[in-house]
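Here's the structure, in structure tokens; my notes come after.
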There are 2 protein chains.
Amino acid sequence: MTSIYIAEDQEMLNSALSAILNLEDDFTIIGNATDGQTALREVISLKPDIAILDIEMPKMSGLEVAGELRLIKQDLKIIILTTFARKTYFESAVIAQVNAYLLKDSPTDKLVETIHKILDGQTIYDANLVSTILTSVKNPLTPQELKIMREFAQGKSTQEIADAVFLSNGTVRNYISSILSKTGTHSRIEALNVAQKNNWID
Amino acid sequence: MTSIYIAEDQEMLNSALSAILNLEDDFTIIGNATDGQTALREVISLKPDIAILDIEMPKMSGLEVAGELRLIKQDLKIIILTTFARKTYFESAVIAQVNAYLLKDSPTDKLVETIHKILDGQTIYDANLVSTILTSVKNPLTPQELKIMREFAQGKSTQEIADAVFLSNGTVRNYISSILSKTGTHSRIEALNVAQKNNWID
DNA sequence: TACTTTATATGACAAATGTCATTTTAATTT
DNA sequence: AAATTAAAATGACATTTGTCATATAAAGTA
């Protein structure tokens, strides 16, 4: 009998998954959480065989929880279950050595199947996810540019950004100019839209 | 026996809900869709007692489907099941005379309970949703201002907006100035952030 | 050491943006 | 019709933004 813990902040999915997995006669759900902190605490104390973690949760993300858990419990099987195929998320997941990374955009059968496979020692990355990552436009912005973009995403003026980042007003303008040229745009808002569409910012 | 149709584009939730509701011995799921168009077509042909509709779906939103269905089938019970508590969504739902409006942020029990209640003739609006709507800051922007905001949200320049909306460059600047003053900001991006936070734009 | 990058800064300029006071025009109301 | 209100436009102005060419200093490399 395989014991499973579910952390998912969308109640409807959380309870639905619990019910479904409980139907399988070789699985038991031994706990649920709707935030990362509780999940981390309870997985440690309840010691399930498998932890299914959503990424976007209050207090602590599923990826952070995964990272912590992997340090403590080498043998725990971790499944990341999330909505979007973000490159940065996927990378963190790989670093945390999760056993599976599934998208909510696949049916529950797939989840059940995945659980069986990882119990068998396999590592599963959703094919859909992998292809999205491979075909995604890679971020041409330097870390500095990224940082500055995050600043003006909040609506800050050039001067406010300069103060925040300890650069001169002119330098900030240069960086922004470079951002615009790399994104093929002519204004901050356009650049933000491009970045948004390509998931360059979190 | 009550027949139910589910339209939900997140496969995981779709299949999970189907499985759960099928467990109840007075319900049968007679169909599923992951986009609005198929949902509309199939609900018309399959004639379920209840249609559960997500709002954000490809091709046609759940609200549009609800509107169409209500015109054709007065006796059909419609449940809107969605993630966010948006005022505009809720208003459209009321106009389409849906029988229930639930948030995915409530457990499946609640859904089952709601189905029973609407079969009993009641109309259910998620309490959580209603309170969110009531406490939400109401949009101070005029329809014109809203329209212009949607334009610059796409990154358009003043002139481009003027051309799109058939106003003079100066008038557009005046409207934007008014938007900034109403939102208590001094730049388009800041204004967008405020609008975003308060769900004034869709 | 000399050469080359890389990050930061300056200055100068045109264009766009945001602010206001005022005017014109159109639509509503009395 | 006259008065009021609302919508759109103008003009004038200070700032901000975006673009470029160029300079300087620091860091890395041959």
Side-chain angles (χ1 to χ4, degrees), chain A residues 87-88 91 136-202, chain B residues 87-88 91 136-202:
Chain A
K87 198 176 181 180
T88 52
E91 288 165 346
S136 71
V137 182
K138 64 167 161 302
N139 189 339
L141 305 179
T142 67
Q144 205 77 329
E145 289 165 347
L146 237 284
K147 187 200 262 182
I148 286 179
M149 175 171 263
R150 268 190 267 271
E151 295 291 331
F152 70 70
Q154 294 159 231
K156 291 187 182 169
S157 68
T158 307
Q159 191 52 55
E160 289 172 322
I161 298 172
D163 294 344
V165 188
F166 304 111
L167 288 176
S168 80
N169 186 299
T171 303
V172 170
R173 296 237 293 301
N174 287 338
Y175 277 118
I176 293 179
S177 193
S178 162
I179 291 169
L180 300 187
S181 116
K182 285 182 180 178
T183 53
T185 61
H186 294 88
S187 80
R188 297 172 187 208
I189 298 183
E190 277 184 287
L192 284 173
N193 288 341
V194 171
Q196 197 87 58
K197 194 164 62 198
N198 295 107
N199 277 324
W200 295 341
I201 43 181
D202 297 324
Chain B
K87 198 176 182 181
T88 51
E91 287 165 346
S136 71
V137 181
K138 66 168 160 303
N139 189 340
L141 304 179
T142 66
Q144 204 78 328
E145 288 166 348
L146 237 288
K147 187 199 262 180
I148 288 179
M149 176 172 261
R150 268 190 267 271
E151 295 291 332
F152 70 69
Q154 294 160 230
K156 290 187 181 170
S157 69
T158 306
Q159 191 52 53
E160 288 171 323
I161 297 172
D163 293 345
V165 189
F166 304 110
L167 288 174
S168 80
N169 185 299
T171 303
V172 171
R173 296 235 295 298
N174 286 338
Y175 277 116
I176 293 180
S177 194
S178 162
I179 291 169
L180 300 187
S181 117
K182 284 183 180 178
T183 52
T185 61
H186 294 88
S187 80
R188 298 172 185 207
I189 298 183
E190 277 183 288
L192 283 172
N193 288 340
V194 171
Q196 196 87 59
K197 195 163 62 199
N198 294 107
N199 276 324
W200 297 339
I201 42 180
D202 296 324

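Keep in mind that this is a model prediction, so the values were computed, not measured. A, B, ... follow the sequence lines: proteins, then strands. Residue 1 opens every chain.
Nearest nucleotide to the A:R188 side chain, out of D:dC20, D:dG18, D:dA9: D:dG18. Nearest to the side chain of A:Y175, among D:dT17, C:dT8, D:dA8, sits C:dT8.
To the nearest angstrom, C1' of C:dA9 lies 14 Å from CD of A:Q159. Straight-line distance from the CZ atom of B:F152 to the P atom of C:dG18: 8 Å, rounded to whole Å. When the P atom of C:dA16 is taken as reference, atom CD1 of B:I161 falls 13 Å away, rounded to whole Å. Rounded to an integer number of Å, the gap from B:I176 CD1 to D:dT16 P is 17 Å. Residue A:R173 contributes atom CZ, which lies 15 Å from atom P of C:dT17 at whole-angstrom precision. Rounded to whole Å, atom C1' of C:dT19 lies 14 Å from atom CG of B:N169. Atom-to-atom, NE2 of B:H186 to C1' of C:dA16 comes out at 18 Å; the value is rounded to the nearest Å.
Within the structure, a side-chain polar atom (N or O) of B:Q144 is placed less than 4.0 Å from OP1 or OP2 of D:dA8.
Around the CD atom of B:Q196, the shell of radius 6.0 Å holds no more than 12 heavy atoms that belong to other residues, nucleotides or ligands.
Residue A:T171 is in base contact, counting any heavy-atom pair closer than 4.0 Å across all strands shown.
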